[in-house]
Amino acid sequence: MSLDPLHLAEGVLAGQRRALARAITLIESTRPDHREAAEALLHRLLPHAGRSVRIGITGVPGAGKSTFIEAFGLHVVDKGHRLAVLAVDPSSPRTGGSILGDKTRMEELSRDERAFIRPSPSGCTLGGVARRTREAMLVCEAAGYDVIVVETVGVGQSETAVADMVDMFLLLLVPGGGDELQGIKKGIVELADAIIVNKADGDLAQAAARAARDYKNALHLLTPANAAWTVPVLTCSALEHAGIEQVWQSVGTYRDTMGKVGAFSERRSAQARAWMWNEVAETLMQTLKDDPKVAQLLPALERDVATGNTAPGRAARQLVATFRHHLESALA
Ligand SMILES: Nc1nc2c(ncn2[C@@H]2O[C@H](COP(=O)(O)OP(=O)(O)OP(=O)(O)O)[C@@H](O)[C@H]2O)c(=O)[nH]1
């Protein structure tokens, strides 16, 4: 398989699915020479990225995320858009619960030429998965996908990671319980730019409407993330493809409203800056850990810290000083 970055970039820009899939494989690779090629590829593609709306979706297990993404995705491609679905699921290996591992997930959408679905990369920490997903998102945009959906399967920290890489974050809930926002961490509700109560059909229709009212009331208690935007609470039935247009419209309204007050591009700029600092932190940490002088010093220092003979702060400074000294002599 050719992983030549410039060759791949041409294929991606020409909208070739194979090139796109390979480009993402290159990005996901942990080999140092592949990382270098991936960065060359991204550098080439970056001027062509960014022309999309990036939507994050989360929801408790059983809320119907895949059913919803399939209904939403089919709706959006029928409107003439091209849709890419990426996942952030640090817990699951590729063949496990993540997107295409389970063949029944998004069956129709995955066969649709206008959509591209990519499972979560395996064997990475959350930081690793988030980094690869951000980069994969840029590659999809360069390939002409103008609606990007990033799904988070896990419950917990991955929500924040996804909210930090998208323009709009959707929280999918289900009727029942009726007890306002119980069971969902308040922190996650605060990340939501829209709340969608799914399964508003059949016997559940009334309960869904009630739940939507409850959620709306509960939202009043939270301080809005942006004064220009009131978080809407919508109901839909992913199963019956009902209410999906309203969700899509609310994405458009969000984009317009936030665009007018400059918050849309400001959010992206802030995300890009934060991403850079993340990369700095990760790269520095890795370089430090890879340094032979640091590695030499580490066992004794860790032992001294563990036994209480050296204060952790002092040991940390000694490690950094050793690293710095070694770097300076290497650069001299
Ligand atoms: N009645 C009804 N059931 C739904 C709807 N959407 C999904 N379901 C059902 O809810 C169950 C869970 O749906 P999934 O789409 O697998 O969602 P999920 O549990 O969030 O799981 P993953 O997407 O696999 O993480 C399935 O049995 C679906 O058929 C809906 O709009 N109405």
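Whatever order the structure lists them in is the order used to number ligands and atoms, beginning at 1. Owing to the predicted nature of the structure, the values given are computational and were not obtained by experimental measurement.
- For ligand 1, the polar-atom distance check finds no N/O of Cys236 at less than 3.5 Å from any of the ligand's N/O atoms.
- Near Ala63, meaning under 4.0 Å from one of its heavy atoms, ligand 1 places the atoms 19 (O), 20 (O).
- The side chain of Asp201, and not its backbone, has at least one atom closer than 4.0 Å to an atom of ligand 1 (non-hydrogen atoms only; side chain from C-beta on).
- Annotation: Glu240 places no N or O atom under 3.5 Å from an N or O atom of ligand 1; distance criterion only.
- Heavy-atom separations between Gly62 and ligand 1 include at least one value shorter than 4.0 Å.
- With Glu151 contributing its side chain and Ile57 its backbone, the two residues share no donor-acceptor pair below 3.5 Å.
- Residue contacts with ligand 1, taken as heavy atom pairs separated by less than 4.0 Å, involve Leu239 via backbone and side-chain atoms alike.
- Nearest heavy-atom pair, Ile196 versus Cys236, reported as atom, atom and distance to 0.1 Å: CG2-SG, 3.7 Å.
- Arg132 CZ to Ile27 CD1: the interatomic distance, rounded to the nearest 0.5 Å, is 8.5 Å.
- When Lys65, Glu151, Lys199 are ranked by how near their heavy atoms come to atom 20 (O) of ligand 1, first place goes to Lys65.
- With Glu28 as reference, Arg118 is the one residue of Arg131, Arg118, His34 to meet the side chain to side chain donor-acceptor pair (under 3.5 Å) rule.
- Salt bridge status for Arg35 with Glu135: present, with a side-chain N to carboxylate O gap under 4.0 Å.
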Task: Residues Gln271, Trp275; criterion side-chain hydrogen bond (donor to acceptor under 3.5 Å, both in side chains); working and verdict - done: CA-CA 6 Å; Gln271 287 171 342; Trp275 180 3; over 6 Å; no
